[in-house]
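Please read the structure below before turning to the comments.
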Protein chains: 2
Amino acid sequence: MANKPLILLIEDELAIRRFLRLALSSDSFRLEEAETGRKALLMAAQEKPDLVILDLGLPDMDGQDLLRQFREWLQVPIIVLSARDQEKQKIDALDGGADDYLTKPFSTGELLARIRVALRNANRISSGADSSTFEQGDLKIDFASRRVFACETEVHLTPLEYKILTLLARQSGRVLTHSFLLKEIWGHHNIQETHYLRVHMANLRRKIERDSAQPKHILTEQGIGYRLASE
Amino acid sequence: MANKPLILLIEDELAIRRFLRLALSSDSFRLEEAETGRKALLMAAQEKPDLVILDLGLPDMDGQDLLRQFREWLQVPIIVLSARDQEKQKIDALDGGADDYLTKPFSTGELLARIRVALRNANRISSGADSSTFEQGDLKIDFASRRVFACETEVHLTPLEYKILTLLARQSGRVLTHSFLLKEIWGHHNIQETHYLRVHMANLRRKIERDSAQPKHILTEQGIGYRLASE
DNA sequence: TTGATTCCTAACTATGTTTTTAAGATGATG
DNA sequence: CATCATCTTAAAAACATAGTTAGGAATCAA
């Protein structure tokens with residue numbers, strides 16, 4: 001957030017884009033616009049906005065899907081706009097990672113106030129940390145494109161392996177317990193199956209460690225869980 | 001946030017209190033209620049809620065005033081309820097420190113979803129900030145990564161050793177009796193096996209003391225127990 | 001249907017941890 | 001200063017946890 005926060009507006013209707021352009025690109029914000037979900041994903045990865053305003057009713061993609069895709073790697077606040085005032089949709093969006101939900105028509109004043117709230121929260125959370133990529137020694141994760149590099153080359157991870165690795169990376173340094181990992185990845189039914197972890201950790205290490213017998217990234221805490229090296 | 005988050009509901013109308021009591025005090029939340037602003041301020045200070053729901057239209061105090069008073073010292077999210085859908089009031093509340101604003105009538109589902117969003121944000125904030133460590137002379141414990149440093153290097157502790165050390169560290173300076181330590185670590189069956197302690201204390205000292213014959217950290221109180229030096 | 005991919009299963013090996021045992025050191029007490 | 005209880009240390013035995021590997025079921029796209 002160099003100076004003015006950058007807002008990414010994702011909205012297909014020209015009229016509303018015009019309206020919001022007037023309201024937002026004052027002297028307090030910079031504004032980028034995308035008319036489609038596909039373009040929005042690209043722009044979010046490139047421009048690293050400080051906040052996203054997302055209209056749920058895009059023509060090319062399902063809004064909930066798009067929201068979910070964003071939330072796999074994007075940490076910044078997302079304010080959802082929607083023409084429909086349906087309770088279920090609201091709840092799904094909020095639980096799917098949206099920070100706020102506004103039903104059209106809304107006043108610019110309210111939208112601006114809610115943007116200020118979202119940015120206020122975001123500032124408290126991460127002062128400056130760019131979390132769309134993780135880098136540690138020869139290991140690099142690009143969350144936006146879901147790609148992982150290690151030992152000077154790109155490595156291919158299965159969906160499960162990627163999920164495990166990103167869980168560890170998002171809290172790198174911290175020890176994640178067996179039960180936490182099992183619950184997050186396999187659900188609470190499988191909270192006992194620690195051997196799932198063992199085999200997948202072994203596979204992950206084979207892919208991202210120089211010497212999987214002496215792991216430098218994925219460290220095990222006997223009897224407790226695993227931790228991704230940081231620093 | 002011990003287990004279930006504690007919500008403080010500030011609302012004068014009995015009907016709405018009843019309604020929200022039903023909606024909120026399910027198995028996910030604990031609920032405290034206050035009918036007046038004065039009582040609310042007292043309760044918030046005493047009970048340390050994880051989230052506040054504040055009706056702006058209280059009889060004894062101006063809502064905006066109350067909100068401002070809360071925000072002078074209260075960090076937790078505040079969700080504002082109001083009967084009126086006035087833009088100015090909304091903006092004032094949001095800029096005054098409220099995290100969300102709901103106009104009556106609203107659905108319980110939406111309220112619950114917005115509570116989840118607020119708690120989610122609050123959790124991200126507090127979990128990022130807690131990088132709690134213990135430090136005493138050349139001994140350092142990082143609780144998040146479960147790492148221990150002594151004599152200028154990282155030392156590897158077994159789960160048992162780590163548990164013993166953190167028990168001592170969390171109450172450093174205080175003497176922990178044999179029976180207390182045995183009960184905490186091995187359970188009350190083994191409350192007699194003081195030699196367990198001796199063996200593991202010896203191992204711990206070998207790892208974290210410069211000279212285990214003259215321990216500077218783990219001090220023994222003959223016939224009583226052990227104590228971790230402080231200051 | 002085939003082939004590729006991913007994930008689970010299970011048996012096996014390797015490594016680490018805890019308990020047991022026992023001998024030597026220290027400190028308190030009369 | 002002799003004795004007893006308490007503590008330290010070391011090392012082996014018993015136990016628990018983690019890593020490796022490969023085969024086969026399930027899924028999915030060509």
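Chain A is the first sequence line, chain B the second, and so forth, proteins listed ahead of strands; every chain is numbered from 1. These numbers were taken from a predicted model, which means no experiment stands behind them.
When the shell of 6.0 Å around NZ of A/Lys104 is examined, it contains more than 12 heavy atoms from other residues, nucleotides or ligands. For A/Glu72, the CD atom sits in a packed shell: over 12 heavy atoms of surrounding residues, nucleotides or ligands are nearer than 6.0 Å. Surrounding CZ of A/Arg18 are at most 12 heavy atoms belonging to other residues, nucleotides or ligands under 6.0 Å away.
Salt bridge B/Glu110/A/Lys90: present, at least one basic N to carboxylate O contact under 4.0 Å.
At a non-hydrogen distance threshold of 4.0 Å, B/His195, B/Tyr196, B/Val199, B/His200 from residues 188-202 of chain B come into contact with DNA chain C.
Each salt bridge (Lys or Arg N to Asp or Glu O under 4.0 Å) pair with one or both residues in residues 199-210 of chain B, not counting sequence neighbours, appears once here: B/Asp138-B/Arg210, B/Glu152-B/Arg210, B/Glu161-B/Lys207. Listed by first then second residue, pairs satisfying ring-ring contact (aromatic ring centres under 6.0 Å, His included) with a partner in residues 139-168 of chain B number zero, not counting sequence neighbours.
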- B/Asp100 vs B/Arg114, salt bridge (charged side-chain N to carboxylate O under 4.0 Å, His left out): CA-CA, chis, key distance, verdict: CA-CA 8 Å; B/Asp100 209 335; B/Arg114 289 187 182 269; 2.9 Å; yes
- Message: Between A/Arg17 and A/Glu33, is the salt bridge (charged side-chain N to carboxylate O under 4.0 Å, His left out) condition met? List the steps.
- Response: CA-CA 8 Å; A/Arg17 275 215 310 284; A/Glu33 301 173 19; 3.1 Å; yes
- Task: Take A/Asp92 and A/Lys88 through the salt bridge (charged side-chain N to carboxylate O under 4.0 Å, His left out) test and state the conclusion after the steps.
- Result: CA-CA 6 Å; A/Asp92 282 351; A/Lys88 188 177 177 320; 2.7 Å; yes
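Nearest-nucleotide assignment on DNA chain C puts the 5′-proximal partner with B/Asn203, out of B/Asn203 and B/Gln222.
Taking five base pairs at each end of the helix from C/dC8-D/dG23 to C/dG30-D/dC1, the local helix axes there meet at an angle of 30°, rounded to 10°.
Residue B/Tyr226 is classed as a sugar-phosphate contact, given heavy-atom separations below 4.0 Å to backbone atoms only.
Taking the 5' to 3' direction, DNA chain D first and last meets chain A under 4.0 angstrom from a heavy atom at D/dT17 to D/dT21. Bracketed by its first and final contacts, the part of DNA chain C lying under 4.0 Å from non-hydrogen atoms of chain B reaches from C/dT17 to C/dG27 in 5' to 3' order.
Annotation: side chain of A/Ile53 is in contact with side chain of A/Ile115 (closest heavy-atom distance under 4.5 Å). Under the 4.5 Å side-chain criterion, counting only non-hydrogen atoms from C-beta, A/Ile10 is in contact with A/Val52.
Using bins of under 30°, 30° to 60° and over 60° for the plane-to-plane angle, the ring pair A/Tyr196/A/Trp186 lands in the tilted bin.
Side-chain contact of A/Tyr101 with A/Gln89: a donor-acceptor pair under 3.5 Å is present, judged by distance alone.
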